[in-house]
Every structure is written in C-alpha cells, then in structure tokens.
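Input: a single structure, listed below in structure tokens.
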Amino acid sequence: MANEKHTDNGVDRRIIRFIGRHHVMTIASAATECGPYCANVFYAYLPERNLFVFTSDDRTRHYREMYLDDRVAATIVLETRTVGQVQGLQILGRAALVRQADTTAARNAYLKQFPYAVVADLTLWTLRPTSMKYTDNRLGFGKKLMWHE
C-alpha cells in the first residue's frame with residue numbers, strides 16, 4: 001500500500017497543501033556574468049503534474065536568463081515572527097516556456113488562480129521541480145520534508 005502522506009508522484013501532501021495556500025514565489029536565475037538574480041512571480045500549481053505555472057515578460061532579466069539557462073531556484077515562504085510557525089519551501093528545478101501542447105492546461109490553471117489576468121498578454125512559463133525541501137516548525141523545530149525526482 002502506498003504511503004498515504006504522498007501523492008502518486010511522491011510529493012508529500014503537506015508540501016502540496018503549503019503550495020496551495022500561497023500564490024507568490026521568488027525565483028532565482030543566473031545565466032550572465034552579473035550573477036544570481038531574484039524576481040517575485042505569481043504562480044499556479046498543478047499538483048498532479050508537480051508543475052508550477054507563472055508568467056514573465058520577455059523584457060525582464062529573469063526571462064532572458066531562464067531562456068539562456070533553464071536551471072533555477074525558487075522559494076515560497078510564510079512570513080511570521082513566531083519561530084514555532086516558520087514554514088518555507090526551497091525548490092530546485094528547470095524553467096521552460098510553456099510548450100504548445102501544454103498551453104491550454106497551463107493557461108487554464110493560471111487564469112483559475114488569477115482570473116483578472118485574462119486581459120493580459122500572457123507569456124507562460126513552467127517550473128518543473130527536481131527537488132524540494134519543506135521546512136515546517138509546527139512539526140518540530142527545523143523539521144524538513146524532502147522530495148527528489
């Protein structure tokens with residue numbers, strides 16, 4: 001019998017719940033001699049595919065860097081001053097422009113999360129995690145849940 005705490009793709013359901021309670025992640029790219037660069041993006045998450053969908057404009061630095069080097073890092077965090085409530089997710093993965101075959105699913109997921117974006121000219125990206133580390137102090141100080149593809 002499969003572990004009831006995990007989905008079919010092996011991601012702990014507590015990680016998926018945390019992702020679902022938030023909508024902004026910080027994504028870091030680094031494809032130029034200038035070094036790493038961070039940007040905050042709104043995201044939708046497709047848990048059945050373990051895939052984040054976000055939008056970015058081609059005039060931004062992170063767009064250009066992700067286009068040159070698809071390796072990215074990202075974080076999602078709960079802001080709190082209470083140590084016992086600290087929660088955060090660190091992600092390593094690959095960013096890619098949404099493929100033509102995935103456009104409808106990605107667009108629908110993004111617009112379900114952010115319906116006001118229907119009027120925008122969206123250039124959609126995906127972030128496919130290769131590893132995730134979730135810290136949740138509610139489970140015990142410094143408790144980490146790990147996922148690797």
Side-chain angles (χ1 to χ4, degrees), residues 1-31 35-57 60-63 65-67 69-118 120 122-149:
M1 180 177 197
N3 185 336
E4 292 180 10
K5 289 186 179 178
H6 294 84
T7 61
D8 290 343
N9 56 21
V11 179
D12 191 296
R13 293 183 193 285
R14 292 170 288 189
I15 296 173
I16 291 173
R17 278 194 301 275
F18 176 79
I19 293 168
R21 288 194 305 265
H22 299 274
H23 61 276
V24 176
M25 73 176 158
T26 301
I27 193 161
S29 58
Y37 183 74
C38 292
N40 294 318
V41 297
F42 291 106
Y43 70 85
Y45 180 67
L46 290 77
E48 67 283 354
R49 296 178 61 192
N50 192 26
L51 193 67
F52 294 87
V53 178
F54 62 99
T55 185
S56 182
D57 186 285
T60 63
R61 178 175 165 183
H62 62 280
Y63 181 109
E65 289 187 350
M66 291 184 304
Y67 192 81
D69 186 340
D70 67 349
R71 296 173 300 166
V72 296
T75 62
I76 302 169
V77 65
L78 169 70
E79 284 194 47
T80 181
R81 292 178 185 258
T82 307
V83 173
Q85 296 297 313
V86 168
Q87 297 171 64
L89 183 64
Q90 295 169 297
I91 306 162
L92 293 176
R94 303 278 183 178
L97 285 166
V98 170
R99 297 175 304 165
Q100 187 67 34
D102 297 329
T103 301
T104 300
R107 183 175 173 79
N108 288 345
Y110 193 83
L111 291 177
K112 182 178 180 184
Q113 184 78 14
F114 308 104
Y116 51 82
V118 72
L122 300 176
T123 302
L124 294 172
W125 285 78
T126 59
L127 167 54
R128 182 168 306 283
T130 55
S131 69
M132 294 189 283
K133 179 173 74 171
Y134 175 53
T135 301
D136 188 344
N137 279 359
R138 298 170 311 158
L139 303 174
F141 183 75
K143 175 67 177 173
K144 312 270 192 260
L145 302 176
M146 308 294 285
W147 175 88
H148 299 279
E149 76 175 348

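Computed over heavy atoms, backbone and side chain alike; hydrogens, waters and symmetry mates excluded.
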Distance from Arg138 atom CZ to Lys143 atom NZ, nearest 0.5 Å?
13.0 Å
Find the distance between CZ (Phe18) and CG (Leu89) and round it off to the nearest 0.5 Å.
6.0 Å
Go through the structure and list residues passing side chain to side chain contact (heavy atoms under 4.5 Å, CB included) with Thr135, not counting sequence neighbours.
Asn137, Lys144
Pairs meeting criterion salt bridge (Lys or Arg N to Asp or Glu O under 4.0 Å) with involvement of residues 77-95, two or more places apart:
Asp70-Arg94
What pair of heavy atoms forms the shortest contact from Ser29 to Glu65, and how long is it?
OG-OE1, 2.7 Å
How would you list all residue pairs meeting ring-ring contact (aromatic ring centres under 6.0 Å, His included) that involve residues 77-111, not counting sequence neighbours?
Tyr110-Phe114
Evaluate Val53 against Leu46 for side-chain contact (heavy atoms from CB on, under 4.5 Å), listing each step before the verdict.
CA-CA 8 Å; Val53 178; Leu46 290 77; 3.4 Å; yes
Is there a side-chain contact between Leu97 and Tyr67 in this structure, where contact means two heavy atoms from C-beta onward sitting under 4.5 Å apart?
yes
Could you work out, with side-chain hydrogen bond (donor to acceptor under 3.5 Å, both in side chains) as the rule, every residue matching Gln90, not counting sequence neighbours?
Lys133
Do Leu145 and Ile15 touch side chain to side chain, with heavy atoms closer than 4.5 Å?
yes
Where do Arg14 and Leu139 come nearest, in terms of heavy atoms and distance?
NH1-CD1, 3.9 Å
Can you name the side-chain hydrogen bond (donor to acceptor under 3.5 Å, both in side chains) partners of Tyr45, sequence neighbours left out?
Asn50
List for me each residue that meets side chain to side chain contact (heavy atoms under 4.5 Å, CB included) alongside Thr104, sequence neighbours excluded, and say none if there are none.
Asn108
Spatial distance of atom CG (Asp12) from atom CE (Met146) [nearest 0.5 Å]:
12.0 Å
At their closest point, which heavy atom of His62 faces which heavy atom of Ala39, and how far apart are they?
ND1-CB, 3.4 Å
I'd like to check Trp125 versus Val98 (side-chain heavy atoms, cut-off strictly below 4.5 Å). Are they in contact?
no
So do the side chains of Phe141 and Val86 get within less than 4.5 Å of each other, counting heavy atoms only?
no
Residues which pass side chain to side chain contact (heavy atoms under 4.5 Å, CB included) with Asp57, listed by chain and number, not counting sequence neighbours:
Arg59, Thr60
List in chain and number order the residues that pass side chain to side chain contact (heavy atoms under 4.5 Å, CB included) with Val24, two or more places apart in sequence or in another chain; answer none if no residue qualifies.
Asn40, Phe42
Please list, chain by chain and in numerical order, all residues satisfying side-chain hydrogen bond (donor to acceptor under 3.5 Å, both in side chains) with Tyr134, sequence neighbours excluded.
Gln87, Asp136
Of all heavy-atom pairs between Asp69 and Ala30, which one has the smallest distance, and what is that distance?
OD2-O, 4.1 Å
Identify the two heavy atoms, one from Leu111 and one from Val118, that lie closest to each other, and give their separation to 0.1 Å.
CD2-N, 3.5 Å
Residue list, side-chain hydrogen bond (donor to acceptor under 3.5 Å, both in side chains) with Ser131, at least two apart or on another chain
none
Only counting residues at least two apart or in another chain, list the ones meeting salt bridge (Lys or Arg N to Asp or Glu O under 4.0 Å) with Asp102.
Arg49, Arg99
Heavy-atom closest pair (Tyr43 atom, Met25 atom, distance to 0.1 Å) is CD2-N, 3.7 Å
For Thr80 and Thr82, indicate whether the former's side chain and the latter's backbone hold a donor-acceptor pair under 3.5 Å.
yes
According to salt bridge (Lys or Arg N to Asp or Glu O under 4.0 Å), does anything in residues 16-29 pair up with another residue at least two apart or in another chain? List the pairs.
none
How far does OG1 of Thr75 sit from CD1 of Ile91, to the nearest 0.5 angstrom?
7.5 Å
So CE of Met66 and CG of Leu127: to nearest 0.5 Å the spacing works out to 9.0 Å
